[in-house]
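To start, the structure itself, in structure tokens.
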Amino acid sequence: MYKLLIAAVLVLSSNPANTQSLPANAKKYLPILQEEKDRFWPEHPRPATLGAQVEQETCVRLTHSKCWSPYAELRTSREQGVGLGQITRAFFPSGKLRFDALNELRRAFPEELEDFSWDTNLYDPRLQLRALVLKDLQGYRLVQKAATEDDALAFTYAAYNGGFGGLSSDRKACAATKGCDPSRWFGHVEHTSLKAKKSVDGYKKSFFEINREYVKNVMHVRRARYDGQLK
């Protein structure tokens, strides 16, 4: 899924994550995220990153009304992202559908997401969080030859944000680069990419920067806030 976040979602507070209190809505929805994680991915190696991921997807700032809200929505002429996981569909300039992550997930998990569609229960927080966990699990299972669990998760979150095809291309670019280990994200694949590195109008960042910040923020910057909150 080539998920493009509006630049404001990527703006971080200057304070370390673990010195800040939980967003108000997080206290409401973290128990549901815990239940969905336990049901579909009980062996998740770093559960706190799931909370960090929801924060990354929805929080312009921690006190914003749409932070950790199932009604958080990004809608432009080219894309629509909805909810706690910002499940996205995107369009060509002609208006023709380019991709639809929700329908792709429904095909992969027909029973689990039977009641979740663009027309039905779109703003249901449990189904949104279920879709996020299942999308992550799907990506994690596709990752091969990661050096460590953290590398496997970094690859997973890079794919959630930028698509598994994009991740595969980046790992191939790393393999073709002297001194770059395609089994490692940090210090290796994170620096090699075929993604555009020119700032995009409306985002104030390049697609490369957006994708790399996504992984960094989920794995490191925002994660500490959810240590002990998700198990």
Side-chain angles (χ1 to χ4, degrees), residues 1 3-42 44-76 79-88 101-102 105 112-113 115-118 120-137 153 156-157 160-161 202-205 210 213-231:
M1 173 179 63
K3 250 264 308 95
L4 308 177
L5 295 178
I6 193 166
V9 176
L10 296 170
V11 176
L12 302 177
S13 170
S14 61
N15 295 324
N18 59 359
T19 68
Q20 300 168 344
S21 60
L22 288 173
N25 287 334
K27 299 173 185 178
K28 180 177 181 179
Y29 296 116
L30 273 168
I32 300 176
L33 179 56
Q34 180 73 58
E35 290 170 3
E36 294 302 309
K37 191 279 297 182
D38 289 346
R39 179 178 176 185
F40 295 105
W41 196 355
H44 193 297
R46 303 284 186 271
T49 59
L50 292 171
Q53 188 181 15
V54 174
E55 183 180 297
Q56 176 69 18
E57 292 284 1
T58 62
C59 298
V60 174
R61 58 185 181 275
L62 297 182
T63 57
H64 194 280
S65 62
K66 293 300 176 65
C67 180
W68 270 87
S69 169
Y71 295 97
E73 187 165 357
L74 168 64
R75 186 189 290 266
T76 70
E79 65 183 319
Q80 179 185 12
V82 176
L84 296 164
Q86 287 294 292
I87 296 297
T88 301
L102 177 49
L105 269 177
E112 296 87 344
L113 298 175
D115 299 324
F116 190 38
S117 74
W118 292 105
T120 308
N121 299 320
L122 183 60
Y123 299 100
D124 185 307
R126 182 173 295 278
L127 291 173
Q128 290 178 2
L129 292 172
R130 181 175 302 172
L132 178 138
V133 171
L134 290 173
K135 181 69 174 175
D136 284 340
L137 179 59
L153 280 177
T156 298
Y157 293 128
Y160 188 102
N161 173 261
Y203 298 98
K204 299 181 181 180
K205 295 177 183 288
I210 290 170
E213 285 189 5
Y214 188 94
V215 178
K216 178 183 176 181
N217 293 345
V218 170
M219 291 292 294
H220 291 158
V221 178
R222 299 183 185 272
R223 171 180 163 185
R225 199 183 336 276
Y226 302 96
D227 284 335
Q229 300 294 328
L230 292 162
K231 300 176 181 179

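- Considering only residues two or more places apart in sequence or on other chains, F40 meets the ring pair (Phe, Tyr, Trp, His ring centres under 6.0 Å) condition with none of them.
- For the pair L230 and K37, the minimum side-chain heavy-atom distance is 4.5 Å or more.
- Residues H44 and T49 have side chains in contact (heavy-atom distance under 4.5 Å, counting atoms from C-beta outward).
- Contact detail for A48 and R223: the closest heavy-atom pair is CB-O, 3.8 Å.
- Here the closest non-hydrogen pair linking C67 and R61 is CB-O, 3.6 Å.
- Between L132 and L84, every side-chain heavy-atom pair lies at or beyond the 4.5 Å cut-off.
- In this structure, the side chain of N121 does not engage the main chain of D124 through any donor-acceptor pair within 3.5 Å.
- Taking the side chain as every heavy atom from C-beta outward, V133 and L33 approach each other to under 4.5 Å.
- Here CG of L102 is found 7.5 Å from CG of L113. Values are rounded to the nearest 0.5 Å.
- In this structure, Y157 and Q56 have side chains that are not in contact, with every pair of non-hydrogen atoms separated by 4.5 Å or more.
- Here the side chain of Q86 pairs a donor or acceptor atom with the backbone of A72 at under 3.5 angstrom.
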Next on the checklist: Using the rule given for side-chain contact (heavy atoms from CB on, under 4.5 Å), can you reason through I32 versus R130, listing the C-alpha separation, both sets of side-chain angles and the distance that settles it, and then say yes or no?
Outcome noted: CA-CA 9 Å; I32 300 176; R130 181 175 302 172; over 6 Å; no
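- Note that OH of Y29 and CD of E35 are 13.5 Å apart. Values are rounded to the nearest 0.5 Å.
- Between the CZ atom of R225 and the OG atom of S21 there is a distance of 8.0 Å, given to the nearest 0.5 Å.
- Rounded to the nearest 0.5 angstrom, R46 CZ and M219 CE are separated by 7.0 Å.
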Checklist entry - Can you check side-chain contact (heavy atoms from CB on, under 4.5 Å) on E112 and L105, steps first, answer last? => result CA-CA 10 Å; E112 296 87 344; L105 269 177; over 6 Å; no
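- Considering only heavy atoms from C-beta on, E57 comes within 4.5 Å of Y160 through its side chain.
- Closest of all the heavy-atom pairs between G81 and T88 is CA-OG1, 3.7 Å.
- By the 30° and 60° cut-offs, the orientation of the rings of Y226 relative to W68 is tilted.
- Listed here is the closest heavy atom pair of P31 and A26: CD-O, 4.5 Å.
- With values rounded to the nearest 0.5 angstrom, I87 atom CD1 is found 8.0 Å from W118 atom CH2.
- N25 contributes atom CG, which lies 10.5 Å from atom CG of L30 (distance to the nearest 0.5 angstrom).
- The only option from T156, D136, N217, T58 that meets the side chain to side chain donor-acceptor pair (under 3.5 Å) definition with Q53 turns out to be D136.
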Next on the checklist: Assess the residue pair V215 and N161 against the criterion (side-chain contact (heavy atoms from CB on, under 4.5 Å)); give the C-alpha distance rounded to whole Å, side-chain angles, the decisive distance to 0.1 Å, and a yes or no.
Outcome noted: CA-CA 8 Å; V215 178; N161 173 261; over 6 Å; no
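- With a 4.5 Å cut-off on side-chain heavy atoms, D38 and K231 do not count as touching.
- Side-chain contact between E36 and L134 is absent, with no heavy atoms from C-beta onward closer than 4.5 Å.
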Checklist entry - Going through the checks in order, is the side-chain contact (heavy atoms from CB on, under 4.5 Å) test met by E79 and L74? => result CA-CA 8 Å; E79 65 183 319; L74 168 64; 4.0 Å; yes
